[in-house]
Amino acid sequence: GADNYSWYPTFHFSPPKGWMNDPNGLSYYNGYYQAFYQYNPYDTESGWMHWGHARSTNLLKWEHLPIALTPSLPEDIDGIFSGSAVVSDGNLILMYTGVSGNSTHQAQCLANSTDGINFDKLGLVLKKNGSDLNFRDPKVWKQGDSWFVIIGSKTDDDRGEVLLYQSLDLKSWDYQGVLAQADETLGYMWECPDFFTLGDKQILLINPQGMEQNGYDYQNLYQTGYFVGTWQPGEQYIIEKGFKEIDHGHDFYASQTFLAPDGRRILIGWLDMWESVFPERQEGWAGMLTLPRELTLSLNGTIEIRPIREVEDYRTEDVVSNNSVTLNDDSIFVLKEQVTSNEIIIELDPVKSNASTYGVRLGDEDQGVFVYVDTEKQRLFVERSYPQFNISRSDRSVAVDLSNPIYLDIFVDSSSIEVFVNDGESVLSSRIYPTELQRSLAVFHSEGSVTVNKYSIWNI
Ligand code: FRU
């Protein structure tokens, strides 16, 4: 960015410097939310992976802590890959994938902490017989007296799968079989699996590599999505619904959930994609995590997704307007001149609008990010275009019902935008790279009219 502003976020997590990818070990321990992350402190590219570490009391302001895990054992010397955390007997235990043998082997290892800051490695605990080149990202949980872990893998004929193991002490693990497996359409490898109860269902969240685009679905390089089903220890996982994407933006991958002390199921994702351009490298860092989201199960058995309520405590200098605004001709309506760290709630009224496309844009007519309804396609699009940074015009979208107002809760934080649609219905998350002159937020529309029922804008 220019001298007086940066793309570094203010209420999202990014690494202090260097490269970050997946969130790891999300947990609550010693009075703090704990977040670890795939970290290469030496470069703004993926490389020799470590676990970076941060903690927070509210999931929005993060305190950077010393690196938690550095490659050092024969089993993890080529990298500390993704994994999860559990609290056991007052200790914080990390289970991660150690990479070794010139990156040809992946196996699961443990580390232990009694203070939430320093970690002692306990070494290798779980290996796969046969090819272990793709055997990673353990997600552990406790149920009854047992520990369970699922691990992302692939079959010999290149289909993604999730393997299940059980243990009484976290150290000696028994193989329980395949929890779920891809058919030909669901990718060749499943990364970062997660498995948890929501309402009266069990959700399996996976990150398939190599799914084909299908119309408006699966447009990213890799996807993140879920199945809804039922499971209990000793039984098969019966899938009832899925696969459904959990975020519909340009940049969302490798998410992980955890249970907050008050029982909320919170999801945090990597707000990037592996093939992204990362213009922030010029500022010495790369990668951002999403705003934490609370997940609930809707009555029709799909996941509802909302920003965590803690964000409301950070709203200041509000502009709240309950008066409707109607724009005719080719006029635009500037909501705010300089948007850097803001929440914008806006209700568009399709019934009162007769333009074929309308919405808000951050930037100018040609460049920036555009959040708009296309009435012919009956979809809400997030389209971005930053050619000066080699990010060519592309869009992502979700279906919307045009017989009711469309309620958008939009978070912009320096170089990210997250658009929550209709209070829980869907979310689209993308990185954006506005220059200083592209930070004006306005309502725009094609020929005809658009009506905004109400809007609110806060600094965050
Ligand atoms: C997902 C992933 C994981 C792996 C990690 C390595 O983005 O590929 O499967 O553990 O990143 O950094």
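Numbering of ligands and ligand atoms starts at 1, following listing order. Please read all numbers here as calculations on a predicted model, not as lab measurements.
The side chain of Asn21, and not its backbone, has at least one atom closer than 4.0 Å to an atom of ligand 1 (non-hydrogen atoms only; side chain from C-beta on).
Scanning the protein heavy atoms around atom 1 (C) of ligand 1, the nearest turns out to be Asp22 OD2, 3.0 Å.
At distances below 3.5 Å, not a single donor-acceptor pair connects side-chain atoms of Lys17 with backbone N or O atoms of Ala286.
No heavy atom of Tyr222 sits closer than 4.0 Å to any atom of ligand 1. Within the structure, ligand 1 lacks Thr97 among the residues with a heavy atom less than 4.0 angstrom away.
Of all the atoms in ligand 1, the ones that sit under 4.0 Å from a non-hydrogen atom of Asp137 are 3 (C), 4 (C), 9 (O), 10 (O). Of all the atoms in ligand 1, the ones that sit under 4.0 Å from a non-hydrogen atom of Tyr253 are 1 (C), 7 (O). Numbered from 1 in the order shown, with element, the atoms of ligand 1 that lie under 4.0 Å from a heavy atom of Ser82 read 5 (C), 10 (O). Here is the list of ligand 1 atoms found below 4.0 Å of a heavy atom in Gln38: 5 (C), 6 (C), 12 (O).
With sequence neighbours left out, the ring pair (Phe, Tyr, Trp, His ring centres under 6.0 Å) criterion links His50 to Tyr42, Trp48.
By the 30° and 60° cut-offs, the orientation of the rings of Phe381 relative to Tyr216 is perpendicular. Ring orientation note: the planes of Trp270 and Phe278 are close to parallel, at an angle under 30° on the 30°/60° scale. Using bins of under 30°, 30° to 60° and over 60° for the plane-to-plane angle, the ring pair Phe227/Trp190 lands in the tilted bin.
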*Show the numbers, then the answer: is there a salt bridge (charged side-chain N to carboxylate O under 4.0 Å, His left out) between Arg384 and Asp251?*
CA-CA 12 Å; Arg384 70 174 180 196; Asp251 288 294; 2.8 Å; yes
